[in-house]
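Quick notes on the structure that follows.
In what follows, every heavy atom counts, from backbone to side chain, and hydrogens, waters and symmetry copies are set aside. Every number for a ligand or one of its atoms is a count from 1 in the order of the listing. Values in this document were obtained by computation on a predicted structure and should not be read as measured data.
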Amino acid sequence: MDKLIIEGGVSLKGTVQVAGSKNSLLPILAATLLTKDRCVIKNAPDLRDTVSMLKLLRYLGSNYEFKDHTIVIKPNGTEKVEAPYKFVSTMRASFCVLGPLLSRYRKAKVSLPGGCVIGVRPVDLHLKGLAKLGTKIQVKEGYVHAETRHLKGDHIYLGGPFGSSVLATGNVMMAATLARGTTIIESAACEPEVVDLARFLIKMGAKIKGEGSPCIEIKGVKELHGVEYEVIPDRIEAATLVMAAAITRGEVFVKGARADHMMAVLEKLKDVGISLKILKDGILVKKTMRKFKPFDIVTLPYPGFPTDAQAQFMTLMSITEGISVITEKIYPDRFMHVAELNRMGAQVKREGPYAIVHGIKQLSAAPVMASDLRASAGLVLAGLVARGKTEVSRIYHLDRGYERLDFKLKQLGAKIERAKE
Ligand code: EPZ
């Protein structure tokens, strides 16, 4: 396993390119199961999760090539309808093959996703939506057994106790594309990645309206054809890179960042006192020596503040003098990074879904351990500003969702090295 060794104290400078969106690409890859034609997907980020999804699709009978951020993929006629535990347990997004398999082959056997450190990750909304489309569902021995004579459109409410569900919206939307009649999804997720999936499906010939709003209408069609498509930039990677520039009081142009996908994050950064300039092809973080102002965040479904940026913001709060409060409304247990930041001298107190951060002048280096994708990004940011050399271990978590983040930061002047643990 790899670790990162980061010597804090460098103000980052230069230009860095945002990669394609992981959370856009993964459901789009699942959607390639909906056609027997070849699909070409561009701006695909080179991540562990990308490879995990491609391996699952190969197991399900697709051939693919992945190079220079372009995936060429085509079912090879030996379709399987079972997604085994060994694939789904490593990556929850694999559960998104359920809708497409049902839609194409009228049956599927998909492992329930494993647990996850950020919290209980139920799939009840996925199953509720697919059942409403006329699927007979049985959950036994850790697998979802689903079959249908034919999927039939219906009016589905997909709201859960924590609001909308991104992947449940994707799963049901994909299943509805080849169902008979019209499906309306109420309380649909509005994330840009759901819009990107809808746009991919529309290009394949699906009839979808309302994507990006809480009400999506899908009119079933007979079949879908292959397409060429470019996924959107990764708004969470972009937010992480903007934060790296801001927290180190650097001057960095984050090329490709789409400000219109990041309004909640950018508004919050302005409140803190960070100087940003929105340009047509990215976001310029300008150097400022202004004192950061303490602030609060509440994580919410899009367009609210993204839970995937919560850990990174906690790091910023930890060196912002005063009291800042995080309310985690999506994953109330998504605080594995608290103990690790406190090892670096942060003063964070967790109370249920709340984290109260008492900002200090400076963090101090310590060996810390990554626990999940976004927590590891928060720890890397902490290492960039801590006094001394911080070692972040188990960074395979980071490599799941960030394309060579250490290399990108190094290009901006960070003293960061990857080493074997
Ligand atoms: C997506 O996960 C993202 N993953 C997550 O990003 C992100 O944190 C999450 O959306 C919320 O924005 C991908 O897109 C691959 P949800 P998803 O279903 O769709 C509850 C990352 O770091 N819920 O929107 O699985 C659930 O418990 C990852 O890139 C149900 O109750 O999340 C949560 O509280 C981490 N029943 C809330 O809804 C369900 O059937 C939102 O979850 C499904 C979800």
TODO: Specify the protein heavy atom at minimum distance from atom 20 (C) of ligand 1: its residue, its atom name, and the distance to 0.1 Å.
DONE: Phe162 CD1, 4.2 Å
Task: Atom indices of ligand 1, in the order listed, that fall short of 4.0 Å to a heavy atom of His126 - done: 40 (O)
Task: N-O pairing of Glu391 and Lys389 below 4.0 Å - done: no
Open item on the list: We want to know whether Asp68 and Thr70 form a side-chain donor-acceptor pair, criterion being a heavy-atom distance below 3.5 angstrom.
Closed with: no
- [ ] Could you tell me whether Lys22 and Glu193 make a salt bridge, using a distance below 4.0 angstrom between a side-chain N and a carboxylate O?
- [x] no
Task: Sub-4.0 Å atoms of ligand 1 with respect to non-hydrogen atoms of Val166 - done: 1 (C), 10 (O), 16 (P), 18 (O), 19 (O), 24 (O)
TODO: Measure up the Tyr59 and Phe87 rings against each other and bin them: parallel (under 30°), tilted (30 to 60°), perpendicular (over 60°).
DONE: tilted
TODO: Would you confirm whether Glu328, through its side chain, and Tyr331, through its main-chain N or O, come within 3.5 Å as a donor-acceptor pair?
DONE: yes
Open item on the list: Geometry only, no angles: is Leu26 polar-contacting ligand 1 at N/O separations under 3.5 Å?
Closed with: no
TODO: State whether Asp308 and Arg334 are salt-bridged, where the test is any N-O pair (Lys NZ or Arg NE/NH1/NH2 against Asp/Glu carboxylate O) under 4.0 Å.
DONE: yes
- [ ] Look only at the side chain of Asp2 and the backbone of Ile395, and say whether a donor-acceptor pair between them is shorter than 3.5 Å.
- [x] no
Task: Which segment of Tyr302 sits under 4.0 Å of ligand 1 when only heavy atoms are counted - done: neither
Task: Protein contact of atom 22 (O) of ligand 1 - nearest heavy atom, named by residue and atom, plus distance - done: Arg374 NE, 2.9 Å
Task: ligand 1 contact on Leu167 by region, counting heavy-atom pairs under 4.0 Å - done: both
Task: Nearest neighbour in protein (non-hydrogen) for atom 42 (O) of ligand 1 - done: Tyr331 OH, 3.4 Å
Open item on the list: At less than 4.0 angstrom from any non-hydrogen atom of Lys22, what atoms of ligand 1 do you find?
Closed with: 21 (C), 29 (O)
TODO: Just need the protein heavy atom nearest to atom 3 (C) of ligand 1, so name the residue and atom and give the distance.
DONE: Asn23 ND2, 3.7 Å
- [ ] State, without any angle test, whether Tyr229 and Asp196 hold a side-chain donor-acceptor pair at a distance under 3.5 Å.
- [x] yes
- [ ] Within a distance under 4.0 Å of any heavy atom of Arg92, pick out the atoms of ligand 1 and give their elements.
- [x] 25 (O), 43 (C)
Open item on the list: Tell me whether Arg104 is salt-bridged to Glu79, with the criterion being a basic N under 4.0 Å from an acidic carboxylate O.
Closed with: no
Task: Heavy-atom nearest neighbour in the protein, as seen from atom 6 (O) of ligand 1, with distance rounded to 0.1 Å - done: Asp308 OD2, 3.0 Å
Task: Any Val194 side-chain heavy atom under 4.5 Å of Tyr302 side chain - done: no
Open item on the list: With a 4.0 Å cut-off on heavy atoms, is Ser165 in contact with ligand 1?
Closed with: yes
- [ ] For ligand 1, note which part of Leu125 has a heavy atom under 4.0 Å away: side chain, backbone, both or neither.
- [x] both
Task: atom 34 (O) of ligand 1: the protein heavy-atom neighbour that sits closest, reported with distance to 0.1 Å - done: Ile330 O, 2.6 Å
Open item on the list: Suppose I only count heavy atoms of Arg334 and a 4.0 Å limit; which atoms of ligand 1 are within that range?
Closed with: 8 (O), 22 (O), 35 (C)
Task: Proximal candidate to atom 31 (O) of ligand 1 [heavy atom criterion; set Pro122, Pro301, Gly160] - done: Pro122
Task: Shortest protein contact, atom 36 (N) of ligand 1 (heavy atom only) - done: Asp124 OD1, 2.7 Å
Task: Atom pair CG/NZ of Leu57 and Lys74 - distance to nearest 0.5 Å - done: 14.5 Å
Task: Residues Arg92 and Asp49 bridged, charged N to O under 4.0 Å - done: no
- [ ] Output the list of atoms in ligand 1 that are nearer than 4.0 Å to some heavy atom of Arg121, sorted by atom number.
- [x] 2 (O), 17 (P), 25 (O)
